[in-house]
Amino acid sequence: MTEPNTELNTSNDTPTRAPATVAASVPPRPPRHQVVVIGSGFGGLFGTKALKRSDVDVTMIAKTTHHLFQPLLYQVATGILSEGEIAPPTREVLSGQKNARVLLGEVTDIDLEAQTVTSQVLGRETVTPYDSLLVAAGSSQSYFGNDHFAEFAPGMKSIDDALELRGRIFGAFELAELWTLAGRPVDHLLTFVVVGAGPTGVEMAGQIAELSRRTLKRDFRAISSRDARVVLVDAASQVLPPFGATLGEKTKRELEKLGVEVMLGAMVTDVDERGLEVKYKDGSTQRIEAVTKIWAAGVQANSLSKTLSEQTGAPLDRAGRIGVNPDLTLPGHPEVFVVGDMIALDHLPGVAQVAIQGAKYAATSIDHRLEGKPPQKPFKYFDKGSMATISRFRAVALIGKIRLSGFIAWLMWLVVHLFYVTGFKNRVTAVLHWGVSFLGRGRSERTATEQQIFGRQAMKRLERGVQELVSEPDDAGTEIGRLQEQRRAELEATALEEARLTDQNERGHHDDHTDQSGHSGGVSDEADRTAGASR
């Protein structure tokens with residue numbers, strides 16, 4: 001790895017270390033066909049697995065070490081499932097695929113001319129060459145130009161988001177208990193607002209309502225969790241627009257039976273720490289006092305779509321999705337495939353099946369080219385239907401022209417989602433947790449910490465993010481080595497003294513040679529403290 005750049009400060013000519021990242025040199029291109037896959041979501045994982053028997057080497061580059069089953073994030077946030085059950089390690093999933101490797105890093109650049117991908121982790125850069133490229137980087141939460149809303153209303157796109165929301169939701173009840181005992185008002189603590197009436201928003205609102213009215217109703221003494229107010233807000237005129245008017249109306253009625261307030265035609269115009277403001281079509285406004293807000297409205301394609309658009313001239317739509325050819329390739333670059341939430345093609349929805357089917361199609365196209373077979377017909381999406389849960393035993397499903405609701409739709413949702421959970425072990429534990437939560441009252445994953453709630457905000461306040469918390473490569477190496485040797489000597493002295501006390505049976509006996517501070521001779525204060533900590 002190269003040394004960090006050193007630049008001259010023109011004011012005093014004193015060399016200073018620049019915060020520039022460290023770039024690795026581009027390795028020579030191997031003779032075997034190299035496929036680089038960007039992203040470990042549904043498109044990235046299924047695309048990689050589809051190339052298992054191909055005569056290629058596959059390199060997956062992803063900014064996380066896990067494959068996230070995003071449709072079940074809301075169950076992590078509300079204490080039903082653990083993060084491990086919906087986010088297995090990508091390396092473990094692909095451990096049996098000999099032609100695949102996984103690299104950790106967030107892709108910061110794609111050079112279509114040089115056919116290289118640049119990724120970064122903690123300021124260290126890696127450049128990976130490719131012969132074929134599959135871009136499946138997904139999407140992020142969209143705040144419609146109001147990114148500052150994110151500070152007070154986390155989205156639902158990552159494990160970090162779900163864990164933060166878990167802490168905020170359960171923490172709100174804890175604070176309400178304390179404030180009630182102190183005689184302080186708690187309405188803003190017991191009000192939960194979900195912005196966005198799509199599948200994620202509906203599922204989240206339903207679970208918070210069930211959590212407060214069923215799971216927690218016996219857990220507190222000063223407050224009644226059943227008094228919690230759950231509000232679902234959306235600027236649209238109906239719930240679940242992609243499901244049609246009939247299922248949307250049924251969903252609205254079911255939510256209201258649970259006690260959820262459904263506010264439609266209400267656009268969020270401001271969000272702060274204590275609440276949010278909405279504006280109706282007639283121009284009137286309303287403020288809702290709520291500490292806990294969840295943003296489930298809108299998505300924005302990964303910023304890599306802009307990078308690709310600038311190099312190819314391919315158009316971007318309002319959500320940042322890039323226009324691709326009917327075979328999912330970029331204009332002028334048949335070696336580059338884009339799939340999933342990043343593409344604008346035939347009004348395809350941003351759902352997992354689009355990413356899965358597109359990735360498999362791209363993998364087959366790569367195989368055909370290497371084997372000299374004719375190209376495939378244009379990509380055609382097969383719609384397997386859409387489902388959304390409202391609460392336990394209640395769901396809606398749209399499969400072709402068939403519209404289902406209630407218990408049958410819920411059973412179908414259960415089976416389908418269980419099928420797509422990765423790994424037998426995760427399927428078994430998911431069933432057990434669903435049994436505890438749906439048949440009983442419990443939620444086995446209610447652990448929350450202050451770090452989960454405030455860690456994201458703390459890191460964002462660092463000038464260079466988490467990179468501020470790590471040293472530059474080889475920085476102060478001599479001083480670190482000296483401290484390590486000193487520490488080694490202290491640990492060895494501690495270990496010798498611990499063994500002597502045991503061998504000579506001196507534990508618990510008064511030692512006349514112990515000094516007034518309580519330390520026996522031969523061991524430094526620091527070493528003695530270390531011994532105490534290890535015990």
Side-chain angles (χ1 to χ4, degrees), residues 40-42 45-46 49 64-96 156-159 161-163 165-166 169-170 199-219 251 254 258 351-353 355-356 384-399 404-448:
S40 60
F42 286 106
L45 183 65
F46 278 81
K49 293 173 73 172
T64 66
T65 60
H66 55 263
H67 162 65
L68 177 61
F69 190 77
Q70 194 169 303
L72 291 178
L73 264 179
Y74 76 95
Q75 294 199 3
V76 174
T78 53
I80 297 175
L81 298 178
S82 72
E83 59 270 28
E85 286 159 346
I86 69 166
T90 313
R91 292 185 183 278
E92 180 180 323
V93 176
L94 297 175
S95 60
M156 280 287 289
K157 287 294 182 181
S158 69
I159 289 294
D161 292 338
L163 292 178
L165 285 170
R166 180 197 292 176
I169 293 167
F170 287 101
T200 299
V202 166
E203 291 170 336
M204 194 70 184
Q207 280 305 314
I208 296 176
E210 201 165 78
L211 181 71
S212 63
R213 288 155 177 74
R214 190 165 180 273
T215 304
L216 301 179
K217 69 176 186 179
R218 300 175 181 173
D219 290 15
T251 301
E254 290 293 343
L258 286 171
V351 296
Q353 275 300 321
I356 292 171
K384 295 185 178 181
S386 302
M387 299 179 181
T389 58
I390 303 169
S391 64
R392 69 182 194 125
F393 308 147
R394 298 170 181 168
V396 291
L398 176 63
I399 306 171
L404 300 172
S405 61
F407 184 69
I408 294 178
W410 183 80
L411 283 179
M412 292 177 62
W413 174 92
L414 208 66
V415 172
V416 169
H417 282 70
L418 190 63
F419 176 79
Y420 281 105
V421 169
T422 303
F424 175 77
K425 173 182 62 179
N426 290 341
R427 292 191 184 107
V428 171
T429 55
V431 168
L432 292 175
H433 281 153
W434 283 342
V436 169
S437 300
F438 299 147
L439 300 179
R441 298 178 183 274
R443 306 249 169 153
S444 55
E445 300 295 334
R446 287 169 51 177
T447 303

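Since the model is a prediction, treat every value here as computed from it, not as a measurement.
Atom CG of Leu45 is separated from atom NE2 of His66 by 12.0 Å, given to the nearest 0.5 angstrom. Glu203 contributes atom CD, which lies 11.0 Å from atom OG of Ser391 (distance to the nearest 0.5 angstrom).
Applying the ring pair (Phe, Tyr, Trp, His ring centres under 6.0 Å) rule to Phe42 yields the partners His67, Phe69; only residues at least two apart in sequence or on another chain are considered. Scanning for ring pair (Phe, Tyr, Trp, His ring centres under 6.0 Å) contacts around Phe393 gives Phe407, Trp410, with sequence neighbours left out. By the salt bridge (charged side-chain N to carboxylate O under 4.0 Å, His left out) test, Arg446 is found to be paired with Asp219, residues two or more places apart in sequence or in another chain being considered. Glu254 is linked by a salt bridge (charged side-chain N to carboxylate O under 4.0 Å, His left out) to Lys257, Arg394, counting only residues two or more places apart in sequence or in another chain. The side chain to side chain contact (heavy atoms under 4.5 Å, CB included) search around Lys425 returns Glu92, not counting sequence neighbours.
Contact between Asn426 and Thr422 at its shortest, heavy atoms only, is ND2-O, 3.0 Å. When all heavy atoms of Leu68 and Ala87 are compared, the closest pair comes out as CD1-CB, 4.3 Å. Smallest separation of non-hydrogen atoms from Tyr420 and Lys384: OH-NZ, 3.7 Å. The nearest pair of heavy atoms linking Ala409 to Ala395 is CB-O, 3.4 Å. The nearest pair of heavy atoms linking Ser444 to Ile80 is OG-O, 3.9 Å.
One N or O on the side chain of Arg166 and one on the backbone of Val76 form a donor-acceptor pair closer than 3.5 Å. Within the 3.5 Å criterion, the main-chain N or O of Thr65 finds a donor-acceptor partner in the side chain of Thr90.
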Please set out all donor-acceptor pairs under 3.5 angstrom arising from side-chain atoms of residues 204-214, sequence neighbours excluded.
| from | atom 1 | to | atom 2 | distance (Å) |
| --- | --- | --- | --- | --- |
| Gln207 | OE1 | Arg443 | NH1 | 3.1 |
| Gln207 | OE1 | Arg443 | NH2 | 2.8 |
| Glu210 | OE2 | Arg392 | N | 3.1 |
| Ser212 | OG | Ile208 | O | 3.3 |
| Ser212 | OG | Ala209 | O | 3.0 |
| Arg213 | NE | Leu258 | O | 3.0 |
| Arg213 | NH2 | Ala228 | O | 3.1 |
| Arg214 | NH1 | Ser437 | O | 3.3 |
| Arg214 | NH1 | Gly440 | O | 2.5 |
| Arg214 | NH2 | Gly440 | O | 2.8 |

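Residue Leu411 places its CG atom among more than 12 non-hydrogen atoms of other residues, nucleotides or ligands, all under 6.0 Å distant.
Residues Met412 and Ile399 are in side-chain contact: their nearest non-hydrogen atoms beyond the backbone lie under 4.5 Å apart. Using a 4.5 Å heavy-atom threshold, the side chains of Leu165 and Leu73 count as separate. Looking at Leu81 and Trp434, their side chains come closer than 4.5 Å, going by heavy atoms from C-beta outward. Side-chain contact between Gln75 and Glu445: absent, with no pair of heavy atoms (C-beta onward) separated by less than 4.5 Å. The shortest distance between side-chain heavy atoms of Val421 and Leu72 falls below 4.5 Å. Ile159 is listed as a side-chain neighbour of Ile86, based on a closest heavy-atom distance under 4.5 Å.
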